[in-house]
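The block underneath contains the structure these notes are about, expressed in structure tokens.
In this chain, residues are counted from 1 in sequence order.
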Amino acid sequence: MNIPKVCYVMSKPTSSVCNLNCTYCYYLEKEKIYPEQKNYLMDDDTLERYIEQYINAQDVGEVHFVWQGGEPTLAGIEFYVKALKLQKKYARGKKIFNSLQTNGILLNESWCNFFYENQFLIGVSIDGPEDLHDTYRVTRQGKTTFNKVMDAIQLLKKYQVEFNTLTVVSDVNVKYPERVYEFLKATGSSYIQFIPLLEREAQQGSYGDLYYIDPSYTKKSQVTSWSVNSLEYGEFLSRIFDIWVRKDIDKVYVQMFDTTLGAWCDQPAQLCIFSETCGHAFALESNGDIYQCDHYVYPEYKLGSLHNDELKNINQSEIAIQFGQDKKSTLSNACIKCDYRFACHGGCPKHRFISISNSPYLHNYFCEGYKYFFRHSETAMNKMKKLIMSGRSPSELMNDYNHSLIINKNIRRNDPCFCNSGKKYKKCCG
């Protein structure tokens, strides 16, 4: 058995508590797991145990703390001041980094000054232009949130806080890839994450009082109405890729494109869903409970508690290792034979619930969409790989693509740009 030298923890200092009521959020109902718990803020004892144990669990020189939720800013600035002091206390020469994922609603000058002074990387959740973002991302009173999120982004830029954006791709914004991408760039985001929305709900009875279900659920279920269609997601990525590959290589980093290019260059996946194995990326609830994954916060996937176990021992436990290895050993027959297995490795196990003939294991819901994107980007990925292998920048590909398009389409400077941005060619890809 290979003993893991590192682990990652998505820590939730306020558990599932949030100041928004996003229609599609799968985490809000996790409070049902702890019906007796009154205070969802991580207490000082749990915080200290977490920081000491997390640093101790890393047999490397860098430690990355990731604060999520719910909404982690509900913990207040003082909570993170205490966290930083504890990180210094237990660092033992290791370099510490902090990132925080937020909806942006509570950000003000005090928060941004704190982030800047302590070099936090901030992830902002935003789903595109106002009409698309406000479809599902609303307050508990049903009010829209777009303007407050944009105010938060402006504050982050004012205080020179490094930030990136996370966009949930739903049944609504998937239909407008060019609008979404150009908008995200206009916010100043140069690192963009797209997360495809997919949840299933039980059709009969309750699932441990939880409405949304995990892959082990075998009774009748259905995909939620706001989940994104697999093929539409593949087309969404491909249409954005067509813009990116012609004018944004080495300027804008799209996580999906980077990890795919890495796969073509035989590099480890940047995304856990595309790794050959998974696991060792735990979710930490505010009371100290550890779960296999942020998407597996169900009672049957609880690994232990920081109050009773050491995180390093949990990380090296047989059950944690087996969970990660199961991803590789439970591929469907279609995955095993797939030409793009090297780039996908069957995707996230949570999304494997499709039965296919002649296979003992379930297939990934997003297979059709992933294949569509991998096929669509294959030629460009190969060309970028060759540039990288010859010591050149993959951005050189932009010149080749643009030159060939100009010749084939006879594009003039004042014509609409071929990337469908709505701008003139001379103001866009030109």
How about L100 and Y80: do any of their side-chain heavy atoms sit closer than 4.5 Å?
yes
Side-chain contact, heavy-atom cut-off 4.5 Å: E235 with P177?
no
Starting from the C-alpha separation in whole Å, work towards a yes-or-no answer on side-chain hydrogen bond (donor to acceptor under 3.5 Å, both in side chains) for Y90 and E48.
CA-CA 9 Å; Y90 293 108; E48 183 160 6; 2.5 Å; yes
Can you give me the closest heavy-atom contact between A75 and T14, atom names plus distance?
N-CG2, 3.6 Å
Does a donor on one side chain sit under 3.5 Å from an acceptor on the other, for Y50 and D45?
no
Is the side chain of N173 donor-acceptor paired with the backbone N or O of V168 at a distance under 3.5 Å, no angle test?
yes
Pair N98-Q87, side-chain donor/acceptor within less than 3.5 Å:
yes
Just to verify, what does H64 make a ring pair (Phe, Tyr, Trp, His ring centres under 6.0 Å) with, not counting sequence neighbours?
F97
Distance only, no hydrogens: is a donor on one side chain within 3.5 Å (strictly under) of an acceptor on the other, for D250 and S393?
yes
Could you go step by step and tell me if T330 and R352 meet the side-chain hydrogen bond (donor to acceptor under 3.5 Å, both in side chains) rule?
CA-CA 10 Å; T330 58; R352 296 179 185 176; 3.2 Å; yes
Can you establish whether the number of heavy atoms outside K148 located under 6.0 Å from its atom NZ is more than 12?
no
K157, NZ: over 12 other non-hydrogen atoms inside 6.0 angstrom:
yes
For atom NZ of K143, is the number of surrounding heavy atoms from other residues, nucleotides or ligands below 6.0 Å larger than 12?
no
Provide the full list of side-chain hydrogen bond (donor to acceptor under 3.5 Å, both in side chains) pairs with a residue in residues 51-61, sequence neighbours left out, each pair given once.
D59-K312
If we ignore hydrogens and angles and just use 3.5 Å, is the side chain of S189 paired with the main-chain N or O of L184 as donor and acceptor?
no
Residue Q119 excluded, over 12 heavy atoms near CD under 6.0 Å:
no
Roughly how far, to the nearest 0.5 Å, is SG of C278 from NZ of K327?
5.5 Å
Tell me whether the centres of the aromatic rings in Y370 and F274 are closer together than 6.0 Å.
yes
Report, as yes or no, whether the 6.0 Å neighbourhood of atom OH on Y176 holds more than 12 heavy atoms from other residues, nucleotides or ligands.
no
Just verifying a value: how many Å separate H351 NE2 and L198 CG, rounded to the nearest 0.5 Å?
4.5 Å
From CG (L362) to OG (S332), nearest 0.5 Å
8.5 Å
Under 3.5 Å, side chain of T46 to main-chain N/O of M42, donor-acceptor pair present?
no
Determine, for Y27 and K12, whether the Lys NZ or Arg CZ falls below 6.0 Å from the six-membered ring centre while staying within 45 degrees of the axis.
yes
Taking the side chain as every heavy atom from C-beta outward, state whether D289 and L284 have any pair of such atoms under 4.5 Å apart.
no
Closer than 4.0 angstrom, basic N to acidic O: yes or no for E285 and K302?
no
Test: D339 and K371 ion pair at under 4.0 Å
no
Give a yes or no on this: more than 12 heavy atoms of other residues, nucleotides or ligands lie within 6.0 Å of atom OH of Y116.
no
Of all heavy-atom pairs between G288 and H307, which one has the smallest distance, and what is that distance?
CA-CD2, 4.3 Å
So that I know where these two stand, are Y26 and H295 an aromatic pair - ring centroids less than 6.0 Å apart?
yes
If you define the side chain from C-beta out and look only at heavy atoms, does anything of L231 sit under 4.5 Å from Y233?
no
So, the side chain of H280 versus the backbone of N315: is there a donor-acceptor pair under 3.5 Å, distance only?
yes
Restricting to non-hydrogen atoms, name the atom on V297 and the atom on K30 that form the minimum distance, rounded to 0.1 Å.
O-NZ, 3.0 Å
Any chance you could measure T224, atom OG1, to R200, atom CZ, to the nearest 0.5 Å?
11.0 Å
Does a donor on one side chain and an acceptor on the other come within less than 3.5 Å for Y361 and N333?
no
Reported CZ-to-CH2 distance for the pair F65 and W67, which is rounded to 0.5 angstrom:
6.5 Å
Are F373 and F257 close enough that their ring centers fall under 6.0 Å?
yes
Distance (rounded to the nearest 0.5 Å) between S170 OG and Y136 OH:
5.0 Å
Would a distance-only check, ignoring hydrogens and angles, find a side-chain to backbone donor-acceptor pair under 3.5 Å from H133 to D127?
yes
Can you find a side-chain donor-acceptor pair between Q222 and E201 that sits under 3.5 Å?
yes
Stepwise, does the side-chain contact (heavy atoms from CB on, under 4.5 Å) test hold for V180 with L132?
CA-CA 9 Å; V180 170; L132 302 180; 3.8 Å; yes
Would you say CD1 of I319 has more than 12 non-hydrogen atoms from neighbouring residues, nucleotides or ligands within 6.0 angstrom?
no
Would you name the heavy atoms of P72 and G69 that are closest together and state the gap between them?
CD-N, 4.0 Å
Given the side-chain rings of Y181 and W244, with only the six-membered ring counted for Trp, is the space between their centroids under 6.0 Å?
no
Test your reading of the model: is there a side-chain donor-acceptor pair from T139 to the backbone of Q141, 3.5 Å cut-off?
yes
Any side-chain to backbone donor/acceptor pair from T144 onto F146? Under 3.5 Å, distance only.
no
Given the ring of Y212, does K350 sit roughly above its face, with NZ or CZ under 6.0 Å from the centre of the six-membered ring and within 45° of the axis?
no
Is there a donor-acceptor contact under 3.5 Å from the side chain of S390 to the main chain of L387?
yes
Should E178 and R239 count as an ion pair when the cut-off is N to O under 4.0 Å?
yes
Is the shortest side-chain heavy-atom distance between R137 and S125 below 4.5 Å?
yes
Measure from the side-chain N and O atoms of N364 to the backbone N and O of G346, and report whether any donor-acceptor pair falls under 3.5 Å.
yes
Would you please indicate if the ring centroids of F163 and F115 are separated by under 6.0 Å?
no
Evaluate the side-chain proximity of N103 to T145: yes if any heavy-atom separation is below 4.5 Å, no if none is.
no
Any side-chain heavy atom of S99 within less than 4.5 Å of one from F120?
no
Is any side-chain heavy atom of T102 closer than 4.5 Å to one of I122?
yes
Could you report the tightest heavy-atom contact between P394 and I388, atom names first, then the distance?
CD-CG1, 4.0 Å
Heavy-atom pair of closest approach, residues N287 and Y34:
ND2-CE2, 3.2 Å
How are the rings of F342 and Y340 set relative to one another: parallel (under 30°), tilted (30 to 60°) or perpendicular (over 60°)?
tilted
Closer than 4.0 angstrom, basic N to acidic O: yes or no for E62 and K95?
no
Of all residues at least two apart in sequence or in a different chain, which pass the salt bridge (Lys or Arg N to Asp or Glu O under 4.0 Å) check with K185?
E182, D248
Any sub-3.5 Å donor-acceptor pair from S227's side-chain atoms to V223's backbone N or O?
no
Flag if over 12 foreign heavy atoms under 6.0 Å of CD, Q37:
yes
